[in-house]
Amino acid sequence: MFEDLRDLYQEVILDHGRKPRHGAKLAAYDATARGDNPLCGDRITLWLQYTPAGAIARAGFEAKGCAISIASADLMAEIVAGLDAGAARALADALQTLTKTGAPPTLDAPLAERLARLMPLAGVHEFPSRVKCATLPWHALRAALAGTENATSE
Amino acid sequence: MFEDLRDLYQEVILDHGRKPRHGAKLAAYDATARGDNPLCGDRITLWLQYTPAGAIARAGFEAKGCAISIASADLMAEIVAGLDAGAARALADALQTLTKTGAPPTLDAPLAERLARLMPLAGVHEFPSRVKCATLPWHALRAALAGTENATSE
Amino acid sequence: MNTATRPAAPPAPFDVEKLRADFPILTQEVHGRKLVFLDSAASAQKPRAVIAAMTAAMERQYANVHRGLHWMSERTTEAYEGARDAVARLLGAPDRHEIVFTRNSTEAINLVAHSYGRGVLAPGQAVVISEMEHHSNIVPWQMLRDAHGIELRVTPITAAGELDLAALARLLADGKVGLVALTHMSNVLGTYTPAARLARLAHDHGAKLLLDGSQAIVHRAVDVREIDCDFYVFTGHKLYGPTGIGALWARRDLLERMPPFLGGGDMIASVSFARSQWAQVPHKFEAGTPPILEAIGLAAAIAYVEAIGYSAIAAHEAHLLDHALARLAAIPGLTIFGRAQDRGGVVSFTLEGAHPHDVATLLDRQGIAVRAGHHCAEPLMHRLGIESTTRASFGLYTTVAEIDALAEGLLRVSEFFA
Amino acid sequence: MNTATRPAAPPAPFDVEKLRADFPILTQEVHGRKLVFLDSAASAQKPRAVIAAMTAAMERQYANVHRGLHWMSERTTEAYEGARDAVARLLGAPDRHEIVFTRNSTEAINLVAHSYGRGVLAPGQAVVISEMEHHSNIVPWQMLRDAHGIELRVTPITAAGELDLAALARLLADGKVGLVALTHMSNVLGTYTPAARLARLAHDHGAKLLLDGSQAIVHRAVDVREIDCDFYVFTGHKLYGPTGIGALWARRDLLERMPPFLGGGDMIASVSFARSQWAQVPHKFEAGTPPILEAIGLAAAIAYVEAIGYSAIAAHEAHLLDHALARLAAIPGLTIFGRAQDRGGVVSFTLEGAHPHDVATLLDRQGIAVRAGHHCAEPLMHRLGIESTTRASFGLYTTVAEIDALAEGLLRVSEFFA
Ligand SMILES: Cc1ncc(COP(=O)(O)O)c(C=O)c1O
Ligand SMILES: Cc1ncc(COP(=O)(O)O)c(C=O)c1O
């Protein structure tokens, strides 16, 4: 019955969605932002800690959301650690393309590797109304990096 | 071609529409009111002179309007002379019924006779959008009798 | 119900399968499965009668209204104004001039917030809404509060999801409340509010009552004279009619006192650059070319519902609701929100271990259309301590078999996420 | 015209008889005579493509938009948002988020008068309109004037019925004017206004330009980037689309600065009783369930017009206009109003000895539908020293034979009243 849903709900997604590894506020942080999906009430708060050089050291989040958005947030938190703002934004762009088209854009080696870990989110492109679930955490990331406090996934 | 229009444009109408007998402001008057048809911009100003006893002595009007509304105003001015306010209002009601249904309501003798002279306006009931042309002067009459300055034929 | 002016409903037995044949969309398939449409509270499907009325207008008899002296315009004006009669009859309104056509319920409430709120209420007065309002009956009052210095008070609901009438009475006690604006039926909890009691309560404290009938009018006969409220709004697309049309009923004396809302053609008596004069009600509130085809479609929808009869519809839906509550309650981990004594055909719930979005997506793959989210009632979600629910809602075409399909579908969803 | 994003119009020869077959209503009879519909400027007839698109939506693919996660809602959302793309393409708008759906032109102008007028313009600033505006582009500014302390200036027209640009420049000279709001084509005189020059003139004096394209967009391609205006509004029902829908285009930065107009569902990012946050543009301006079916119908109308091509339509209508002006000028006692260099397919006139109402009624009996009255332009009537005119207006389906029927019909009317 749900065979075709396996594209959307891959094991990685179900697993990160159920048991996120980074689903907590950071004790100390340098930036934070909230993301809202006005269409459904989903919400994420993201915290970032920067390295002295200004790259992302750690990310943590609290979210109310579906399996897709929690998994996306958790994968994001895992993957952006170590990236500077420019690279993190490039990855956010790539995720956007991936979830809209299903195909990963070409990126340079270090980013390409991280993007590969996001591939389980590619299936979302077949479910237009769910794309925003996957991108909401990344909108919050952009907002935190820009120093804005709110983002929406419209 | 226009046979069926003879119901609407009877000779009496065409005649009063072309050469109204009462189409002028009264030199002295006791009441006045303006009537507007917002749907087409037609406009009538009506003046009434009362007898010492408070009946209508004379009526005069200035109007911009179609053959139907001018004829209706002119017939009205002719017919209401001598009526007290109550009788004039009863006639206005009767005209309303006549133009909406095509049939004259039953009235007492003196009024019935006057209503008979309005029968040429009965044909208007077949032309719903023209009913207001015929009733506009009578709305102004009601307003003048009530001491209000404006009436519309909505 | 005002039986005097309402056409007598034929006491036909309610045959849901026969009625379903009136709705072409119900034979559609989704993801290779027969459509089970349980999202009627968001917007209902349209019977052939509505589609045919709109098509006939466009194919055979159409022109702009009110301003035309030619045949097509006269006939179209009659049809448009005939729709006003139909709405007046539907609501039991004493005077057809009390019906104002709007785009939807939302615009109708905004009209009242603007024209009554700014034009009649004075700064320092208060408006009362409840914890279970739709955003459309919250945001316009917030905007009024911020622009016009009106206090906004929120009356609580009980644990059962009913209005707390004692609390409402306390909110009204100081006599500052000019308007009470409440839903007639919650789009989340299904709760009917006790309309006539609310009217007495409001009036006893010098306040007017507005009822948001967006959901209520779909399921039950409404008579504004019996209720004795002051404003009533509803939206066409939930009542089996087209989008793009809604209606406001208000007492004539209130409409007369309210300044206009939008300016433009058709709402004026005369225009000069120095100053314009407004047309009489309801035209004063209908600026520009109105939703003509939509009014014609709405009139057909009203006639359709009246022909079936509200009592038959209500009986059918009560049966569906009982069945749904029983079936869903038996599903492990499922929580139903709201347990009002008097409730209509919507059921909101959460399922343990599965977010409402995921539930909706998995049901959709089984052909079952439900809604998931906050249902434009975020404050109610906060009140309930949740972010969102899944909601199944019924129309007159909903069947017991569809409820069963929902229950079975939910069991599969639970398994998937187990 | 922005050929890059507009689909190439096939250079098909313009065959009016073939196109007429697309409009079912044109075969109707009125008073036993073939309908000659010369009232398209009031509202146009609908091609089969529009009727079919709306019917298909209601029969096969419908649900509420934006909030649904199920197939019917996703598809309907795509169709609704696709209509936004179609409007953006039609207007040459650089960004689809700059298109706001409204009920009609009237609501679009009210939206600007409210959100830009009260939200951005400051008391003491001025708005300029012209002597030949439709009430819809007068009354909202009067209401703004009276509520918000904005000065309303009226720029005159010349004897030919064109804007007096020197006078307009003088009105702008003191730099107080924040907004110039002008028709792009007069619905009475047919005059096209020089849009791009108006934009330069307004901008040179620090003012924004709003164009009322209700009539213009029907007859001629519009490109808001080429014109370089700031706001553009039009209404669907004149563009062969359904009633109940219109659109506002505005530069994104202006939309961002404008506070919302109506409050309710769909226009918010989050709602709490204390305060709500607005959604992003254009949703901030679309409260409640939008005109979904109407957007779908409008998209079909736009596609229909684009497939024929504006250049073919404009050429056909120019020919009709020349013919009409020649035939009517030859009728004794007939006065035509307006003789602008650049004009579109409407002709307003009076006939000696016969009031416009009587003319319209007598033409109607011959099957000819024209409009009589002030055409929602009372101040223009005053300027012309009259109360009303008769107006014949053309659509893409109008024929030379119909113009001839009008001319002959008018001769009969003259005889009747002689
Ligand atoms: C020039 C002009 N502006 C505005 C309007 C108003 O359009 P609507 O009534 O659809 O809002 C019209 C048509 O009536 C018009 O011709
Ligand atoms: C209770 C309630 N009020 C108001 C509305 C708003 O209706 P609309 O979006 O048609 O304006 C809805 C439906 O969305 C509703 O359920």
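Just so it is clear: chains get the letters A, B, ... in the order the sequence lines come, proteins before strands, and each one is counted from 1. Everything numeric here is computed off the predicted structure, so don't read it as measured data.
Of the possible donor and acceptor atoms, one in the side chain of D:N104 sits under 3.5 Å from a partner among the backbone N and O of C:T289. A donor-acceptor pair under 3.5 Å is formed between the side chain of C:T243 and the backbone N or O of D:L293.
One finds the CD atom of D:E133 at 7.5 Å from the CZ atom of C:F273 (value rounded to the nearest 0.5 Å). C:E107 contributes atom CD, which lies 6.0 Å from atom CG of D:L262 (distance to the nearest 0.5 angstrom). With values rounded to the nearest 0.5 angstrom, C:M267 atom CE is found 9.5 Å from D:S136 atom OG. Atom-to-atom distance recorded for D:M54:CE and C:T55:OG1 is 8.5 Å, nearest 0.5 angstrom. Here the NE2-OH distance, from C:H237 to D:Y62, works out to 6.0 Å after rounding to the nearest 0.5 Å.
Side-chain atoms of C:V271 and D:P379, non-hydrogen and from C-beta on, do get closer than 4.5 Å to each other.
Heavy-atom distances place the backbone of C:A44, and not its side chain, under 4.5 Å from chain D. Contacts of D:P259 with chain C are absent, with no heavy-atom separation under 4.5 Å from either backbone or side chain. Contact of C:T27 with chain D is not made at all, since no heavy-atom distance falls under 4.5 Å. Proximity to chain C is limited to the side chain of D:I129, based on heavy atoms less than 4.5 angstrom apart. D:M381 does not touch chain C: none of its heavy atoms, backbone or side chain, sits under 4.5 Å away. Both the backbone and the side chain of D:N64 come within contact range of chain C, each with at least one heavy atom under 4.5 Å from a heavy atom of that chain. Of the atoms belonging to D:M72, it is side-chain heavy atoms, and not backbone ones, that fall under 4.5 Å from chain C. Using a 4.5 Å cut-off between heavy atoms, C:V154 touches chain D through its side chain atoms alone. When heavy atoms are compared at a cutoff of 4.5 Å, D:R75 does not approach chain C at all. Contact of D:S40 with chain C is not made at all, since no heavy-atom distance falls under 4.5 Å. Heavy atoms closer than 4.5 Å to chain D are found in both the backbone and the side chain of C:E294. Only the side chain of D:L35 comes within less than 4.5 Å of a heavy atom of chain C; its backbone N, CA, C and O stay farther away. Contacts between C:I292 and chain D at a heavy-atom distance below 4.5 Å involve backbone atoms as well as side-chain atoms.
Highest contact tally toward chain D, considering only C:I138, C:N110, C:I368, is held by C:N110 [criterion: heavy-atom pairs under 4.5 Å]. Contact tally against chain C (heavy-atom pairs below 4.5 Å) for D:T106, D:D39, D:I25: the top residue is D:I25. Chain C forms the most heavy-atom pairs under 4.5 Å with one residue out of D:M58, D:R118, D:H31, and that residue is D:M58. When C:R103, C:R48, C:E131 are compared by the number of non-hydrogen pairs under 4.5 Å with chain D, C:R103 comes out ahead. Between chain D and the residues C:S276, C:A360, C:G367, the largest count of heavy-atom pairs under 4.5 Å involves C:S276. The most heavy-atom pairs under 4.5 Å with chain D, out of C:P260, C:A52, C:A274, come from C:A274. When each of C:R275, C:H382, C:R145 is scored by its heavy-atom pairs under 4.5 Å with chain D, the top score falls to C:R145. Top candidate by heavy-atom pairs under 4.5 Å with chain D, chosen from C:Q45, C:Q142, C:H114, is C:Q142.
A pairwise comparison of heavy atoms in C:A372 and D:L69 identifies CB-CD1, 3.8 Å as the closest pair. Here the closest non-hydrogen pair linking D:F261 and C:M143 is O-CE, 3.3 Å. Heavy-atom minimum distance, D:C376 versus C:G265: SG-CA, 4.0 Å. Annotation for C:R371 and D:V65: closest pair NH1-O, 4.3 Å, computed over non-hydrogen atoms. Shown here for D:G263 and C:P140, the closest heavy-atom pair between the two residues is O-CG, 3.5 Å. Nearest approach of D:H70 to C:F37, heavy atoms of both residues: CE1-CE1, 4.0 Å.
Using a 3.5 Å distance cut-off with no hydrogens or angles, the side chains of D:E378 and C:S272 do not pair a donor with an acceptor.
At a threshold of 4.0 Å, the pair D:E59-C:K46 does not count as salt-bridged, since none of the basic side-chain nitrogens sits closer than that to a carboxylate oxygen.
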